[in-house]
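The block underneath contains the structure these notes are about, expressed in structure tokens.
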Amino acid sequence: MPEEPLPTFYVPTPEEVGAYLPDYQIEGILGYGGMGAVYKAHQTFFNRDVAIKLLLSKTFGEEEFYRQYLAEAQSMSVLDHKYLLKIYDYGEVVGIPFIIIEYVHGLELYEAIGAEGAEPLSTAQVMMRVCEGMAHAHEANILHRDLKPENILIDAYANPKIADFGLARDKHDPVKDKVIWGSPGYIAPEVIHDPDRVDHRADIYALGCVMYFMLTGQIPNPNDTDYKKFDSLDPRFRQILNRSMNPFIEKRYLTAGAMGEAFRDLIMSLDEKGSNGMIASAPVN
């Protein structure tokens with residue numbers, strides 16, 4: 001194993017990562033950004049495909065940031081829900097934090113949605129399951145902070161897996177007041193205007209935004225929301241949207257579980273009407 005850590009901001013090759021983590025066959029790089037890189041690998045002992053996430057940037061506070069990164073990985077590793085991406089292991093090797101994550105043979109929800117959006121029943125089914133997964137995380141006091149279609153994977157059976165719980169983000173970071181966590185179109189108003197009030201209901205706001213994207217194929221714009229698509233749908237879609245994306249925190253669903261139940265009731269009604277549109281399942285690689 002190499003004795004010196006890789007330099008900050010350098011994206012290691014699969015061969016270099018394999019030298020650091022010899023129990024894994026590194027097959028390639030899935031992606032990388034300003035803070036780290038993700039690799040596809042095969043864990044030989046358990047004969048399973050995994051994703052390996054390396055934190056490479058020390059931009060946000062050196063050792064304290066690294067400590068918080070691993071602390072959140074530890075808290076998330078106890079989560080066990082079929083609609084949440086599972087963390088198998090985490091640790092640090094030669095100064096580089098790593099996380100071993102379940103690998104999903106599938107597509108991002110963003111990729112699975114057509115230009116005109118998904119079928120109503122399919123949308124309700126996926127959203128109900130995503131709400132169930134988020135309810136489980138919230139019960140463990142874990143917030144996502146960046147829910148969006150790119151962070152929801154769809155497996156070969158059209159089931160969602162919520163990924164990227166902001167593991168590389170430290171809410172206690174000394175520069176947190178200068179940073180707005182989240183992605184444009186999915187950020188609750190309080191995240192920007194009243195950060196001291198941010199709680200799990202910011203994720204509920206983002207859930208409403210994800211539903212809007214699923215039905216319209218468009219990223220929501222809170223200043224110019226197009227509701228034309230909703231005029232032809234069961235009115236409960238609009239009701240769920242209005243409540244989850246309400247700018248006033250106290251008027252949103254109290255829990256993600258309650259929002260999931262609203263989708264469950266809607267699904268029963270759509271089934272009775274004979275709507276059977278399904279989102280395309282992901283191809284198995």
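Taken from CE in Met211 to OG in Ser244, the straight-line distance is 5.5 Å, to the nearest 0.5 Å. Rounding to the nearest 0.5 Å gives a distance of 7.5 Å between CE of Met127 and CE of Met214. Considering CE of Met134 and CE of Met259, their distance stands at 11.0 Å, rounded to 0.5 Å. To the nearest 0.5 Å, atoms CZ (Phe230) and OH (Tyr212) are separated by 6.5 Å. Taking CG of Leu85 as the start and CD1 of Ile162 as the end, the distance is 9.5 Å to the nearest 0.5 Å. Remark: Cys131 SG to Asp203 CG distance equals 10.5 Å, nearest 0.5 Å.
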Open item on the list: Between Lys161 and Ile152, is the side-chain contact (heavy atoms from CB on, under 4.5 Å) condition met? List the steps.
Closed with: CA-CA 6 Å; Lys161 290 277 189 176; Ile152 300 171; over 6 Å; no

Open item on the list: Would Phe213 and Ile113 count as a side-chain contact (heavy atoms from CB on, under 4.5 Å) here? Give the steps.
Closed with: CA-CA 8 Å; Phe213 175 82; Ile113 300 299; 3.9 Å; yes

- [ ] Check step by step if side-chain contact (heavy atoms from CB on, under 4.5 Å) holds for Ile154 and Glu108.
- [x] CA-CA 6 Å; Ile154 301 296; Glu108 294 176 357; over 6 Å; no

Open item on the list: Test side-chain contact (heavy atoms from CB on, under 4.5 Å) on Leu233 and Leu215; report intermediate values, then the result.
Closed with: CA-CA 10 Å; Leu233 301 178; Leu215 287 171; 3.9 Å; yes

Open item on the list: Evaluate Gln43 against Tyr24 for side-chain hydrogen bond (donor to acceptor under 3.5 Å, both in side chains), listing each step before the verdict.
Closed with: CA-CA 5 Å; Gln43 189 174 15; Tyr24 299 87; 3.3 Å; yes

Task: Working for salt bridge (charged side-chain N to carboxylate O under 4.0 Å, His left out), residues Glu190 and Arg197 - done: CA-CA 7 Å; Glu190 67 272 16; Arg197 295 197 66 195; over 6 Å; no

- [ ] Just do the salt bridge (charged side-chain N to carboxylate O under 4.0 Å, His left out) check on Glu261 and Arg264 with the steps written out, would you?
- [x] CA-CA 5 Å; Glu261 285 302 316; Arg264 187 181 302 277; 3.4 Å; yes

- [ ] Run the numbers on His144 and Asn151 for side-chain hydrogen bond (donor to acceptor under 3.5 Å, both in side chains), then give the verdict.
- [x] CA-CA 10 Å; His144 192 288; Asn151 288 338; 4.5 Å; no

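If you check the side chains of Thr13 and Glu16, you find a donor sitting under 3.5 Å from an acceptor. There is no side-chain donor-acceptor pair under 3.5 Å between Tyr110 and Glu150. A side-chain donor-acceptor contact under 3.5 Å links Lys148 and Ser183. Checking Asp49 against His105 by side-chain atom types alone, a donor-acceptor pair falls below 3.5 Å. A side-chain donor from one of His42 and Asn47 sits under 3.5 Å from a side-chain acceptor of the other.
Transitive grouping of hydrophobic side chains (ILVMFWY, heavy atoms separated by less than 4.5 Å) brings Met128 and Leu270 into a common cluster. Side-chain heavy atoms closer than 4.5 Å link hydrophobic residues (I, L, V, M, F, W, Y) into clusters, and following such links, even through other members, never connects Ile240 to Ile249. Both Phe263 and Tyr253 are members of a single hydrophobic cluster when ILVMFWY side chains are connected at heavy-atom separations under 4.5 Å. Cluster membership for Ile267 and Leu109, using ILVMFWY side-chain heavy atoms within less than 4.5 angstrom, is shared.
Using a distance-only test at 3.5 Å, with no hydrogens or angles considered, no donor-acceptor pair links the side chain of Lys82 to the main chain of Asn159. With Ser269 contributing its side chain and Leu266 its backbone, the two residues share no donor-acceptor pair below 3.5 Å. No donor-acceptor distance shorter than 3.5 angstrom exists from the side chain of Ser122 to the backbone of Ala118, with no hydrogens or angles considered. For the pair Glu92 (side chain) and Pro97 (backbone), a donor-acceptor distance under 3.5 Å is absent. The backbone N or O of Ala135 lies less than 3.5 Å from no partner atom in the side chain of His81, so there is not a single donor-acceptor pair.
Val17 has its side chain within reach of Leu54: a pair of non-hydrogen atoms, C-beta onward, lies under 4.5 Å apart. Side-chain contact between Tyr186 and Val210 is present, with at least one heavy-atom pair separated by less than 4.5 Å. Leu21 places a side-chain heavy atom less than 4.5 Å from the side chain of Ile52. In this structure, Leu241 and Tyr227 have side chains that are in contact, with non-hydrogen atoms separated by less than 4.5 Å.
In this structure, Arg48 satisfies the cation-pi test against Tyr88, with its NZ or CZ atom closer than 6.0 Å to the six-membered ring centre and inside 45 degrees of the ring normal.
The minimum heavy-atom distance between Leu84 and Gly133, with the atom names listed, is CD2-O, 3.5 Å. The minimum heavy-atom distance linking His200 with Leu254 is given by the pair NE2-O, 2.7 Å. Across all their heavy atoms, Arg252 and Pro189 have their closest contact at NH2-CD, 3.7 Å. In this structure, Val126 and Ala158 approach most closely via the heavy-atom pair CG2-O, 4.4 Å. Pro220 approaches Met245 most closely through the heavy-atom pair CB-CE, 4.3 Å. Taking each heavy atom of Pro184 and Ile219 in turn, the nearest pair found is O-CG2, 3.8 Å.
More than 12 heavy atoms of other residues, nucleotides or ligands lie within 6.0 Å of CD in Glu27, so this atom counts as buried by the packing criterion.
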